[in-house]
Amino acid sequence: GENVEQHPSTLSVQEGDSAVIKCTYSDSASNYFPWYKQELGKRPQLIIDIRSNVGEKKDQRIAVTLNKTAKHFSLHITETQPEDSAVYFCAGRDSWGKLQFGAGTQVVVTP
Amino acid sequence: NAGVTQTPKFQVLKTGQSMTLQCAQDMNHEYMSWYRQDPGMGLRLIHYSVGAGITDQGEVPNGYNVSRSTTEDFPLRLLSAAPSQTSVYFCASGKTGVRTGELFFGEGSRLTVL
């Protein structure tokens, strides 16, 4: 089955700086890699995703890169703002739909 | 569209009691799943289903049963609750196969076992 590892577990950045979260996955059958943001007491919300036939995807201040050969994918947040403070989860999903999450990264953006 | 609906939102049980967490979706999704999230922890897959009549175990299935008699519903049963099952439970659904994409989450059910 899929095993997704995520680093770092906590990330503190100054407002305006960039944040990078890295994940690795084990299952070659995984073909879809979403990133979820979870605010305290709320459900996870999808912020960006990438499929295995794409190397990079960008949406305003967030971007995701995927290296299929190395089984790495990363989330990049530029010009961080206090509202970016949350827990971020990467995940790998195989073609059946089974989704395995990484352990999460607590991002704290300090003004 | 109501999306993914979970009930109840909060529940307190005594050790040994049984209960069912309900999950329903109105998006005609083939895939449905249950996750648990402990304080400060990630989301761990309990059970999942890729269609009516088909279920399989995730990483932490012990103490939980599921069934999928219809496309819309995927209840999670605790037969004999234990304090270790105190957690927040999320139901999620999505498409499968070539249409694999976003997983939609319910609002969560907070369960306390005394």
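Labels below follow one simple rule: chain letters A, B, ... track the order of the sequence lines, proteins then strands, and each chain is numbered from 1.
- Contact count versus chain A (heavy atoms, under 4.5 Å) is highest, among Gly51(B), Gly106(B), Gly108(B), for Gly106(B).
- The hydrophobic cluster containing Tyr35(B) does not contain Met32(B), counting ILVMFWY residues as joined when their side-chain heavy atoms lie under 4.5 angstrom apart, directly or transitively.
- Between Phe89(A) and Met41(B), the shortest heavy-atom distance links the atoms CZ-O, 4.2 Å.
- Nearest heavy atom pair, residue Lys98(A) against residue Gln57(B), reads NZ-O, 4.4 Å.
- Counting heavy atoms of neighbouring residues, nucleotides and ligands inside a 6.0 Å radius, atom CG of Leu40(A) does not exceed 12 of them.
- Val88(B) and Leu76(B) are not part of a single hydrophobic cluster, where members link through side-chain heavy atoms under 4.5 Å apart.
- Taking 4.5 Å as the limit, every side-chain heavy atom of Phe105(B) sits out of range of all side-chain heavy atoms of Leu46(A).
- Linking ILVMFWY residues whenever their side-chain heavy atoms come closer than 4.5 Å, directly or via other members, leaves Ile47(A) and Leu103(B) in distinct clusters.
- By the rule that hydrophobic residues join a cluster once side-chain heavy atoms approach within less than 4.5 Å of another member, Val4(A) and Val87(A) end up as members of separate clusters.
- Remark: Lys71(A) NZ is packed, more than 12 non-hydrogen atoms of other residues, nucleotides or ligands lying under 6.0 Å away.
- Only the side chain of Gln38(A) comes within less than 4.5 Å of a heavy atom in chain B; its backbone stays farther off.
- Stacking of Arg43(A) on the aromatic ring of Phe104(B) is not recorded, the 6.0 Å distance cut-off and the 45° axial limit not both being met.
- Both Leu111(B) and Phe74(B) are members of a single hydrophobic cluster when ILVMFWY side chains are connected at heavy-atom separations under 4.5 Å.
- Under the 4.5 Å side-chain criterion, counting only non-hydrogen atoms from C-beta, Gln37(B) is not in contact with Phe101(A).
- The distance from the CD atom of Glu102(B) to the CD1 atom of Ile48(A) is 12.5 Å, given to the nearest 0.5 Å.
- Proximity to chain B (any heavy atom under 4.5 Å) is shown, for Pro44(A), by both the backbone and the side chain.
- Inter-residue side-chain proximity for Glu107(B) and Lys42(A) is flagged as unmet; no heavy-atom pair is nearer than 4.5 Å.
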Under 3.5 Å, which donor-acceptor pairs link side chains of residues 54-66 of chain A to any protein atom two or more places apart or in another chain?
{"residue": "Lys57(A)", "atom": "NZ", "partner": "Asp49(A)", "partner atom": "O", "Å": "3.2"}
{"residue": "Lys57(A)", "atom": "NZ", "partner": "Asp49(A)", "partner atom": "OD1", "Å": "2.7"}
{"residue": "Arg61(A)", "atom": "NH1", "partner": "Thr78(A)", "partner atom": "O", "Å": "3.0"}
{"residue": "Arg61(A)", "atom": "NH1", "partner": "Glu79(A)", "partner atom": "O", "Å": "3.2"}
{"residue": "Arg61(A)", "atom": "NH1", "partner": "Asp84(A)", "partner atom": "OD2", "Å": "2.9"}
{"residue": "Arg61(A)", "atom": "NH2", "partner": "Asp84(A)", "partner atom": "OD1", "Å": "3.0"}
{"residue": "Arg61(A)", "atom": "NH2", "partner": "Asp84(A)", "partner atom": "OD2", "Å": "3.3"}

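- The two residues Leu45(B) and Leu99(A) have their closest heavy-atom pair at CD2-O, 4.2 Å.
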